[in-house]
Colleague: 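Got a structure for you, written out below as structure tokens; questions coming shortly.
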Number of protein chains: 2
Amino acid sequence: MPVTIFDVAKEANVSPSTVSRVIADNPRISEKTKRKVREVMERLDYHPNFQARNLAAKSTKTIGVIMSNSTSLAFQNPFFPEVIRGICTSAHASQYGIYLSTGGTEKEIYEEVVSMVQGKKVDGIILLYSRVDDRTMAYLKDVQFPFTMVGRPYKYENEITYIDNDNRKIAHDVVDYLYHLGHRQIAFIGGNLDFVVSKDRLEGYQQALINVGLPYSDAYFIHDEDFKSNGKSRINKLMMLDEPPTAIVAHDDLVAYEIIRYLEELSVQVPNDISIVSFNNHSLSAYVKPPLTSVDISIFELGFEAANFLLEKVQDSNAAVKHHFVPTTLVERESCKRINIFNE
Amino acid sequence: MPVTIFDVAKEANVSPSTVSRVIADNPRISEKTKRKVREVMERLDYHPNFQARNLAAKSTKTIGVIMSNSTSLAFQNPFFPEVIRGICTSAHASQYGIYLSTGGTEKEIYEEVVSMVQGKKVDGIILLYSRVDDRTMAYLKDVQFPFTMVGRPYKYENEITYIDNDNRKIAHDVVDYLYHLGHRQIAFIGGNLDFVVSKDRLEGYQQALINVGLPYSDAYFIHDEDFKSNGKSRINKLMMLDEPPTAIVAHDDLVAYEIIRYLEELSVQVPNDISIVSFNNHSLSAYVKPPLTSVDISIFELGFEAANFLLEKVQDSNAAVKHHFVPTTLVERESCKRINIFNE
DNA sequence: CTGAAAGCGCTTACAG
DNA sequence: CTGAAAGCGCTTACAG
């Protein structure tokens, strides 16, 4: 019973083809006809059927957004809404919609992506993560389906369009920052190393140590899983070291606050006894005590540019491969302190 | 060039109709034929085209999720990923996908919903909010399109299927909780009153006051917009009252922490000088100082049940109207303190 | 500038 | 249990 292009055509005394062209605002249709047809469309409250249009035009005007739900929820919390907002802002401007997929396991994600691609559900895909040896990414690359990643790809970096922060650099910068505050014992609490973001930050940390001539020690590095299952005792152990750290770099603000809580139980005060700096700059981090020094990673931008890049590829299948690092800012608050050291 | 039902049919020596029935796992097809056809589908790597299937079958197997982005970002942060996770979990189980829409203005949301409905983009819609006098909701109700709300509707409560917390009750309970700790001066920092959730919580607060025989005073109520533009001076004013509150109920944990910061600047300590309790129980609230007493609203459940209800309606157009309040729990942490009062 | 016709890739009565 | 045919509601060469 819904009103179709035929109803409009009949009412307007034109052919369905003409109505279709009016919808597409085809320049070959006279303004007069357009006006007439539009008036009828309005009057009959006509809305084009997307399924039919997509089938005929072989495009869906929607982009698929894939999130890994293995990324810890903690990380998703602030990230997800912002990145989606960025994507939507760009997609909206080009009249694209968003098809969202949150697989459970990696396998489920893979299968859903395959069915999105093969089933022609979407015109392009944004991967909201970059993991090591990701078959979903490999698949997309193999079949040459338009896609974009938020996160530096682990492999084929030069063949894949992506957007990211320069995580190696920001980790490096953060260590430099602490170094210039006088810190020489700097620990690192990292993220899940299945994700490139975590690898990059660890690498930046290590490289910075080398650059300033500090030794890297495994005793100063706590692993994501380790921290999750055993956080409290790992922090205890860290602080019991002969040379305990005077500063900690944490992978995420949530992790930083968890650390701070454990430190408190040991009567170690931030920033007086130990400095801490982390990444991602959650909305709460400005308010709670101590206000956290954290790297703002411009999540909105990340999503916005990912969508822009994708749309370029969708509209021009041989658009050049692009990378872009969106700028970050170290937001200094009150979790770090300058310390005096004799050798400076 | 994609492989279609015809290619499969030819290869398997059956008709396209039969292939279609095998895809739908129609019981009238013999197991033998099914096996043969499935083997061919596998071999040719056949995947059904969704657009075509949807067009012919007049169903899309996707549900639309509408979020208001006027809800302050603060509120969305923890809410959004969890509620989506709940929706996806349910949708996935029934092989449904998610089409996400985040309009800018209310008008944009309305228009996108109309085009989703009329354009047959989705089989049903979940409104992730309930606002006062919402034309989007009114439209959905008018055209009798299957939809569900996360949030109690402002009007037509008995005609609309929704899921929510019992916000009046939890606000009431929270006031009771403070009352039993000895508090008699209880202030309320509310949310945006365009949303029913805020109205309900305010109402619960007021009702609880009445029930325990405490007066309601406008001086103890700070309005969302007021707080956003003027938070610090409003809190100052509140504390300068002849009878300043001994306890505050805050609309959200983020708001609570902002309040705590302003209080600190006034050298008012939580919980020693003033108690504070809030709603929504963010993931950070367990970690930061002071750990916040907050009502956990079971966000995952909210999303999960909303999707369940919707799917029922989609599959059975005259399914009964349903409401359900998902249970909440007051998570006691360290932001509230018992005080002694003479009249107890 | 406009129309008749074929086609997008499925589903589903209808018939046997 | 299976097939031939019509149809879902559009778009787009092709023709004029």
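Sequence lines set the chain letters: A, B, ... in the order given, protein chains first and strands last, and positions in each chain run from 1.
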Colleague: Distance check needed: D:dT11 C1' versus A:F50 CZ, whole Å only.
Modeller: 14 Å
Colleague: Under 4.0 Å between any heavy atoms, over every strand shown, what does A:S30 touch: base, sugar-phosphate, or nothing? Just pick one.
Modeller: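 Counting heavy atoms under 4.0 Å across all strands, the contact made by A:S30 is with sugar-phosphate only.
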Colleague: Is it the case that the side chains of A:Y99 and A:K121 hold a donor-acceptor pair, with the cut-off being a distance below 3.5 Å and no angle test?
Modeller: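 Yes, a side-chain donor-acceptor pair sits under 3.5 Å.
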Colleague: Please determine, for the side chain of B:K58, which listed nucleotide (C:dT2, D:dT11, D:dC8) has the closest atom?
Modeller: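 Side chain of B:K58 sits closest to D:dC8.
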Colleague: If we ignore hydrogens and angles and just use 3.5 Å, is the side chain of B:N54 paired with the main-chain N or O of A:Q51 as donor and acceptor?
Modeller: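 Not at all, since once roles are kept as given, no pair shorter than 3.5 Å links the two residues.
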Colleague: Measure from the side chain of B:R21, starting at C-beta and using heavy atoms only, and say which of D:dC14, D:dG9, C:dC14 lies closest.
Modeller: C:dC14
Colleague: Does the side chain of B:K34 get closer than 4.0 angstrom to OP1 or OP2 of D:dC1 through an N or O atom?
Modeller: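 No, no such contact exists.
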Colleague: Without decimals, in angstroms, what is the distance between A:N54 CG and D:dC10 P?
Modeller: 11 Å
Colleague: A:T33 has a side chain; which of C:dG9, D:dA4, C:dC1 sits nearest to it?
Modeller: C:dC1
Colleague: Whole Å only: how far is the CD1 atom of B:I29 from the P atom of C:dT12?
Modeller: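 My rounded result for the distance is 13 Å.
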Colleague: Nearest nucleotide by nearest heavy atom, which residue falls closer to the 5' end of DNA chain D, B:N13 or A:A52?
Modeller: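 Nearest nucleotide further toward 5': that of B:N13.
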Colleague: Expressed in angstrom and rounded to an integer, what is the separation of B:Q51 atom CD from C:dC8 atom P?
Modeller: 15 Å
Colleague: Separation of B:K61 atom NZ from D:dC8 atom C1', in whole Å?
Modeller: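 Distance, rounded to whole Å: 18 Å.
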Colleague: Any side-chain donor paired with an acceptor under 3.5 Å for A:T18 and A:S15?
Modeller: yes
Colleague: Hey, which sits more toward the 5' end of DNA chain C by its nearest nucleotide, B:H47 or B:R28?
Modeller: B:H47
Colleague: Would you say the side-chain atoms of A:Y162 and A:E157 include a donor-acceptor pair closer than 3.5 Å?
Modeller: yes
Colleague: Measure from NZ on B:K120 to C1' on D:dC10 and round the result to the nearest Å.
Modeller: 13 Å
Colleague: Using heavy atoms to find the nearest nucleotide of DNA chain D for B:V14 and B:L55 separately, return the residue whose nucleotide is more 5′.
Modeller: B:V14
Colleague: Given the C1' atoms of C:dG16 and C:dT12, what is the spacing between them in whole Å?
Modeller: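 Straight-line distance between the two C1' atoms is 16 Å.
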Colleague: Using Watson-Crick or G-U wobble geometry with both distances under 3.5 Å, which nucleotide pairs with C:dA4?
Modeller: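 Matched C:dA4 with nothing under the 3.5 Å cut-off.
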Colleague: Once you round it to whole Å, what is the distance between C1' of D:dC10 and NZ of A:K10?
Modeller: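 Atom-to-atom, A:K10 to D:dC10, this comes out as 17 Å.
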Colleague: NA contact type, B:R53, heavy-atom cut-off 4.0 Å: base, sugar-phosphate, or nothing?
Modeller: sugar-phosphate
Colleague: Give a yes-or-no answer on whether the side chains of B:Q118 and A:D45 include a donor-acceptor pair shorter than 3.5 Å.
Modeller: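 Yes, side-chain donor-acceptor contact under 3.5 Å.
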Colleague: Round to a whole Å and report the spacing from CG of A:N26 to C1' of D:dT12.
Modeller: 10 Å
Colleague: Which part of the nucleic acid, if any, lies within reach of B:T4 when heavy atoms closer than 4.0 Å are counted: base, sugar-phosphate only, or nothing?
Modeller: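 Sugar-phosphate only.
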Colleague: Is any side-chain N or O of A:S17 closer than 4.0 Å to OP1 or OP2 of C:dG3?
Modeller: no
Colleague: Is the NZ or CZ atom of B:K141 both under 6.0 Å from the centre of the six-membered ring of B:F147 and within 45° of that ring's axis?
Modeller: no
Colleague: Which nucleotide in the list C:dT11, D:dA4, C:dC1 gets nearest to the side chain of B:I23?
Modeller: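 Nearest nucleotide to the side chain: C:dT11.
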